[in-house]
Amino acid sequence: MAFMVTPGESGFDPKTTYVFAEDGGGAVRAEVTPTFWQELISGSTRDPAIAKIRSGDGWLVGIFSMNPPTRAEMHPAGDEILYLVSGAIDVVLEEEGGERVIELQPGAACVVPRGVWHRQLVHQPSELLAITYGKGTQHR
């Protein structure tokens, strides 16, 4: 029996299209435009995907280009998983007893606990896969 293969949809690049994995099992794609982060943080958006990310329960998944400097952030609603695709970074966790530094080389990952302020020290341009339960994320 021969199977016929028909051309299908192309895959997407997680650097330019993030995915919001909803708690209920859905997966919403969000194109990363020049105003993506501004719209997400401000809550002022016409893009239904960005609105879903801002108000929904779930995980934002994407690959981020990391170049110095980075700001500190905190995710009050859930842990964050960071996986280094390329480059070299340290993840600095601000914990009660002081700062804890986790060195990441390509292929290594860490979990940032819910509610912990953290930042990245970028030693060389890097690509970081982040899986973030980001509802209520704060920046400073």
Side-chain angles (χ1 to χ4, degrees):
M1 174 186 235
F3 291 95
M4 178 177 274
V5 177
T6 56
E9 177 181 341
S10 295
F12 61 91
D13 182 349
K15 297 175 207 166
T16 59
T17 302
Y18 298 156
V19 173
F20 182 63
E22 299 175 290
D23 279 350
V28 177
R29 290 187 205 180
E31 180 113 10
V32 182
T33 64
T35 60
F36 177 87
W37 289 107
Q38 178 184 349
E39 291 178 50
L40 182 62
I41 291 168
S42 73
S44 177
T45 183
R46 292 190 179 131
D47 184 327
I50 295 174
K52 171 87 71 177
I53 293 166
R54 182 164 171 76
S55 65
D57 291 322
W59 300 81
L60 182 62
V61 180
I63 294 179
F64 303 89
S65 293
M66 305 296 294
N67 292 302
T70 66
R71 299 186 317 172
E73 64 179 9
M74 186 268 292
H75 312 290
D79 296 346
E80 178 176 49
I81 302 160
L82 301 175
Y83 172 84
L84 191 64
V85 176
S86 65
I89 66 170
D90 291 339
V91 178
V92 180
L93 306 176
E94 298 177 17
E95 298 179 324
E96 282 187 32
E99 292 186 338
R100 179 166 55 111
V101 178
I102 302 170
E103 179 184 315
L104 293 183
Q105 296 294 325
C110 69
V111 174
V112 177
R114 163 193 330 227
V116 172
W117 282 96
H118 59 284
R119 67 187 189 283
Q120 290 82 32
L121 297 176
V122 181
H123 300 293
Q124 58 184 267
S126 304
E127 290 186 331
L128 186 68
L129 171 68
I131 305 168
T132 308
Y133 201 91
K135 193 169 188 176
T137 291
Q138 298 173 31
H139 296 94
R140 62 170 193 215

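For reference, positions follow the sequence shown, starting with 1.
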Taking all non-hydrogen atoms of both residues into account, name the closest pair between [X] and [Y] and its distance.
X: Val85; Y: Pro106; answer: O-CB, 3.6 Å
X: Leu84; Y: Gln105; answer: CD2-C, 3.5 Å
X: His75; Y: Gly134; answer: ND1-CA, 4.3 Å
X: Glu80; Y: Ala130; answer: OE2-CB, 4.2 Å
X: Arg114; Y: Pro76; answer: CG-O, 3.2 Å

Side chains of Glu94 and Met74, heavy atoms from C-beta outward: is any pair under 4.5 Å? no

Do [X] and [Y] share a hydrophobic cluster, counting only Ile, Leu, Val, Met, Phe, Trp and Tyr and linking them when any side-chain heavy atoms are less than 4.5 Å apart?
X: Phe20; Y: Ile50; answer: yes
X: Val116; Y: Val91; answer: yes
X: Ile63; Y: Tyr18; answer: no
X: Trp117; Y: Val112; answer: no

Inset, instruction - Could you pull out all residues at least two apart from Trp59 that satisfy ring pair (Phe, Tyr, Trp, His ring centres under 6.0 Å)? - result: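 Scan of Trp59 (ring pair (Phe, Tyr, Trp, His ring centres under 6.0 Å), adjacent residues dropped) gives Tyr133.
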
How many angstroms lie between atom [atom1] of [X] and atom [atom2] of [Y], to the nearest 0.5 angstrom?
X: Asp90; Y: Leu104; atom1: CG; atom2: CG; value: 7.5 Å
X: Lys135; Y: Ile53; atom1: NZ; atom2: CD1; value: 13.0 Å
X: Arg54; Y: Ser42; atom1: CZ; atom2: OG; value: 7.0 Å
X: Thr137; Y: Ile41; atom1: OG1; atom2: CD1; value: 9.0 Å
X: Thr132; Y: Leu60; atom1: OG1; atom2: CG; value: 6.0 Å

Below 3.5 Å, can you tabulate the donor-acceptor pairs from side chains in residues 33-40 to any protein atom, sequence neighbours excluded?
from	atom 1	to	atom 2	distance (Å)
Thr33	OG1	Thr35	N	3.4
Thr33	OG1	Thr35	OG1	3.4
Thr33	OG1	Phe36	N	3.3
Thr35	OG1	Glu39	OE2	2.5
Glu39	OE1	Thr45	OG1	2.5

Is the number of heavy atoms from other residues, nucleotides or ligands under 6.0 Å of Arg140 CZ greater than 12?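 Counting neighbours around CZ of Arg140, more than 12 heavy atoms of other residues, nucleotides or ligands fall under 6.0 Å, so yes.
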
Residues that, via side-chain heavy atoms closer than 4.5 angstrom, fall in one hydrophobic cluster with Leu121:
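Leu121 clusters with Val92, Val101.
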
- Message: Quick one: does any side-chain atom of Arg119 pair with a main-chain N or O of Arg71 as donor and acceptor, under 3.5 Å?
- Response: no

Checklist entry - Judged by atom type as modelled, is there a donor-acceptor pair below 3.5 Å linking the side chain of Asp79 to the main-chain atoms of Pro113? => result no

### Between His118 and Glu73: side-chain donor-acceptor atoms closer than 3.5 Å
yes

Side chain to side chain contact (heavy atoms under 4.5 Å, CB included) partners for [X], two or more places apart:
X: Ala49; value: Val28, Ala30, Asp47
X: Met66; value: Phe64, Thr70, Gln120, Val122, Ser126, Leu128
X: Arg100; value: Leu93, Glu95, Ile102

